[in-house]
Amino acid sequence: MAILHVAFGPSLLAVRLMQCLVGATAPLFVYFLCCRLFDRRVAVVAGAIAAIYPVFLFHEGLIEKSWMTEVLVPAAILALVRAQDRGRGFVLAGVVLGIAAIVRENLILAAPVLATGLWLVPRGERSWKPGRAAALYLSGFALAIAPLTIRNAIVAHDFVLTTAQAGQNLYIGNHAGATNGTYQPPPFVRPNPLYEEVDFRSEAEARTHRTMKPSEVSHFWFGEAVAWIGANPASFLRLVGARFLLFWNHEEIADNHYFVFFADRVSPVLRIPIGFGIVGPLAIVGAVLVFPSRRRLVALYALAAITCVSVSLFFVFDRYRLPIVPIAICFAAAALVWIVDHVKQPLALGGAVTLVAAAAVFCNLHLVDVDVSFERMNLGMALHARGDLDGALRELEEAAREEPELVPLHRELGSVYLDRGEPAKAVESLRHAVAIAPNELRNRLELAYALDKSGDLRGALEVYRAALDVKSIYHEPVQRAGVRVHVADVLQRLGDEPAAAAELRRGLEDVPDDANLLNNLAWLLATATDAKVRAPDEAVTLAERAIAKGSERYGTLAEAHFRRGEAQQAVDIAERALRDGKGDLDFYRSRLPVYRAALAKH
């Protein structure tokens, strides 16, 4: 990513093209792997399936790391098989697996399992020493993940192999609110990557009353999950079963982007009728049919089992299942070739077809209802950003019918209605957002803004003041300061300058160095019509403090000097700001003649 950024700038298209180019090697790795483990016919079938497998193409188009497993998993197995055949290359094989584990952390479990497998290869099937091979393999694995471990130690002063999220993820899948095997975070966690880590850490520290390192946070939630499992063994087993079924189900359980939505709305390529509902059953049957050759295929079986078991212990996303898909394609191709080879043996063929039918029923059960309202909302937001208000409204209203409790959806609807000049409808949508999530500050702020735009200043003031009373661990003093700026602005427009000044002063008691509070109070004290509020001397001091804290609103300082009778200082500040291009240039242009006229009178 860094190299692409340097070469092409902040271009997401360049990233996607790179991902597609690298992802195009996945069929080659699958082909060469099957050549090693099976024969050329299986390799051709497997490579062809991998080349047109639409879920691979889908993930290659997303800006995230999961797509790499479709390349790294077959590459890691191929490297290990080649090392076994040649008696060398075990370090390289370990490095490839280590890189795969960086992408998908549960593959860390594969390193000791596969190293143990090297010990168990019969003497007659190897030309290398098992202890040395296992040590070299683990050394390569450690070499690959060492940069991350070292960086974590330097930056976070904490020993973390790759990431410190295992405990949190285990708790997400195993707590009182987990009921169906999908992502169901506890109530104190906002379901957004921007906040998950912060929320888990804040809750852990609140429960333990101490500051915690990332590894300590993970250990804490691991313990909480284990405690819940110990207290609820029946519920845990039911969840494991549900997750196992979902893991092998034809549905792609989305994290952020829904494959079925993109297939329906974006690209016909994604509608190629080869999904996990076909590959999965064939893979299950293929794994059974080639089991007599299991010694040669131990890496396939081991990685498939590790992926399936680890995901079944946590929760299911399509990107968590992706590492098993190249393996499943290998087994599926083996099943197809086996069936063709036995087409003239009715008994064997009938048994295989029966197994395929049973596996197809198992993998194609209706277990979840796919809700694409989130994707509709994203599309609506993109259309809104592009200026297509009608298209945005169409998608957002359809999403609201599908999922009426999606808070960001109602916020976006409110924004679209405002841009369409329909403030009453915006207020209605935003009141719905507040009703669903009353402790989300943004909902109340956007509702107050909509009320303001609709002309209901007193309604806006009421909502802003209610926002100050929101009790939430996410409502920090700096956020409260921002709300007080809005409250003071509305009070000032309502003509109550003393109350506006008092509100801003209360904000400064909480956050004395907030540039917005300092600037707004300075402006009010400089320009107030109420003589009891007007204080140009204090306004100059406050404006200077605001600039020292990062504000570029030099117009406030110029105006404060002007109101204090210092026209020359006002002219100098405005002219310098114009030269430097800092602040509201139109304001300086409009006020400079006034300042100069006052200066000329003296």
Side-chain angles (χ1 to χ4, degrees), residues 415 418-419 421 423 445-446 448-455 457 460-461 464 478-479 481-505 507-508 511-602:
S415 179
L418 281 177
D419 288 347
L445 296 182
E446 294 196 16
Y449 178 77
L451 288 165
D452 189 341
K453 288 296 183 182
S454 71
L457 283 181
L461 180 61
Y464 278 134
V478 68
Q479 293 174 307
V483 177
R484 290 195 188 280
V485 168
H486 291 300
V487 171
D489 174 63
V490 175
L491 285 168
Q492 191 173 358
R493 285 187 285 142
L494 285 170
D496 194 345
E497 291 177 335
E503 197 69 46
L504 292 170
R505 291 188 189 280
L508 285 172
V511 191
D513 295 329
D514 186 275
N516 283 333
L517 285 170
L518 291 166
N519 179 81
N520 284 35
L521 182 56
W523 179 264
L524 176 58
L525 297 182
T527 62
T529 58
D530 189 328
K532 294 180 180 179
V533 176
R534 190 167 56 252
D537 290 341
E538 185 183 0
V540 169
T541 301
L542 291 171
E544 288 174 342
R545 284 178 58 193
I547 291 171
K549 295 301 177 183
S551 172
E552 291 192 349
R553 283 178 276 187
Y554 289 87
T556 300
L557 180 59
E559 193 70 19
H561 277 290
F562 175 71
R563 298 300 176 116
R564 196 164 71 172
E566 299 168 342
Q568 183 63 62
Q569 286 92 328
V571 169
D572 292 344
I573 292 168
E575 287 180 343
R576 185 169 62 250
L578 269 175
R579 286 196 304 271
D580 296 342
K582 292 182 177 180
D584 188 343
L585 303 185
D586 289 336
F587 174 83
Y588 307 140
R589 294 188 186 102
S590 66
R591 294 298 290 170
L592 260 175
V594 178
Y595 301 157
R596 287 168 177 160
L599 186 61
K601 291 180 181 180
H602 290 79

Trainee: Rounded at 0.5 Å granularity, tell me how far CG in Leu578 sits from CG in Asp584.
Mentor: 10.0 Å

Trainee: Contact between Val490 and Arg493 at the side-chain level, heavy atoms closer than 4.5 Å - yes or no?
Mentor: yes

Trainee: Look at the side chain of Arg534 and the backbone N and O of Ala528, then say whether any donor-acceptor pair between them is shorter than 3.5 Å.
Mentor: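 The answer is yes, because a donor-acceptor pair under 3.5 Å joins these two groups.
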
Trainee: For residues 550-558, dump all side-chain donor-acceptor pairs below 3.5 Å to protein atoms at least two apart in sequence or in another chain.
Mentor:
from, atom 1, to, atom 2, distance (Å)
Ser551, OG, Arg553, N, 3.2
Arg553, NH2, Asn516, OD1, 2.3
Thr556, OG1, Asn519, OD1, 2.8

Trainee: If we ignore hydrogens and angles and just use 3.5 Å, is the side chain of Glu497 paired with the main-chain N or O of Asp530 as donor and acceptor?
Mentor: yes

Trainee: Check whether any side-chain N or O of Tyr588 sits under 3.5 Å from a backbone N or O of Ile573 as a donor-acceptor pair, and report yes or no.
Mentor: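 Not at all, since once roles are kept as given, no pair shorter than 3.5 Å links the two residues.
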
Trainee: According to the interplanar angle, ranging from 0 to 90°, do the rings of Phe562 and Tyr595 count as parallel (below 30°), tilted (30 to 60°) or perpendicular (above 60°)?
Mentor: tilted

Trainee: Starting at CG of Leu599, measure out to CD of Gln569 and round the result to the nearest 0.5 Å.
Mentor: 9.5 Å

Trainee: Can you sort out the partners of Arg563 under side-chain contact (heavy atoms from CB on, under 4.5 Å), two or more places apart, ordered by chain and number?
Mentor: Ala526, Thr527, Pro536, Glu559, Arg591

Trainee: Could you pull out the closest heavy-atom pair between Val533 and Ala501, with the gap in Å?
Mentor: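 Scanning both residues completely, I find the closest heavy atoms to be CG1-CB, 4.1 Å.
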
Trainee: Kindly give the heavy-atom pair with the smallest separation between Leu525 and Ala539, and that separation in Å.
Mentor: CB-CB, 4.0 Å

Trainee: Hey, are the side chains of His561 and Asp572 touching, using non-hydrogen atoms and a 4.5 Å cut-off?
Mentor: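 When only atoms from C-beta onward are counted, Asp572 and His561 do not touch, as no gap falls below 4.5 Å.
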
Trainee: So how far is it from Leu457 CG to Leu461 CG, rounded to the nearest 0.5 Å?
Mentor: 8.5 Å

Trainee: For Asp496, which residues count as a salt bridge (Lys or Arg N to Asp or Glu O under 4.0 Å) partner, sequence neighbours excluded?
Mentor: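 If we apply the salt bridge (Lys or Arg N to Asp or Glu O under 4.0 Å) test to Asp496, skipping adjacent residues, there are no hits.
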
Trainee: Which heavy atom of Val511 sits nearest a heavy atom of Leu517, and at what distance?
Mentor: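 Smallest heavy-atom distance, with atoms named: O-CD1, 4.1 Å.
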
Trainee: Give me the atom names and distance for the closest heavy-atom approach of Asp513 to Leu518.
Mentor: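 Reported closest heavy-atom pair: C-CD1, 4.2 Å.
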
Trainee: At what distance, to the nearest 0.5 angstrom, does CG of Leu508 lie from CZ of Arg545?
Mentor: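 Going from the CG atom of Leu508 to the CZ atom of Arg545 covers 6.5 Å.
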
Trainee: State, to 0.1 Å, how close Gln492 and Ala500 come at their nearest heavy-atom pair, and which atoms those are.
Mentor: N-CB, 4.0 Å

Trainee: Can you tell me how far apart CG (Leu521) and OG1 (Thr541) are? Round to the nearest 0.5 Å.
Mentor: 11.0 Å

Trainee: Return the minimal non-hydrogen interatomic distance between Ala481 and Asp514, and the atom names on each side.
Mentor: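 The answer is CB-OD2, 4.1 Å.
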
Trainee: Measure the spacing between NZ of Lys453 and CG of Asp419 and express it to the nearest 0.5 Å.
Mentor: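 It is 10.0 Å, given to the nearest 0.5 Å.
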
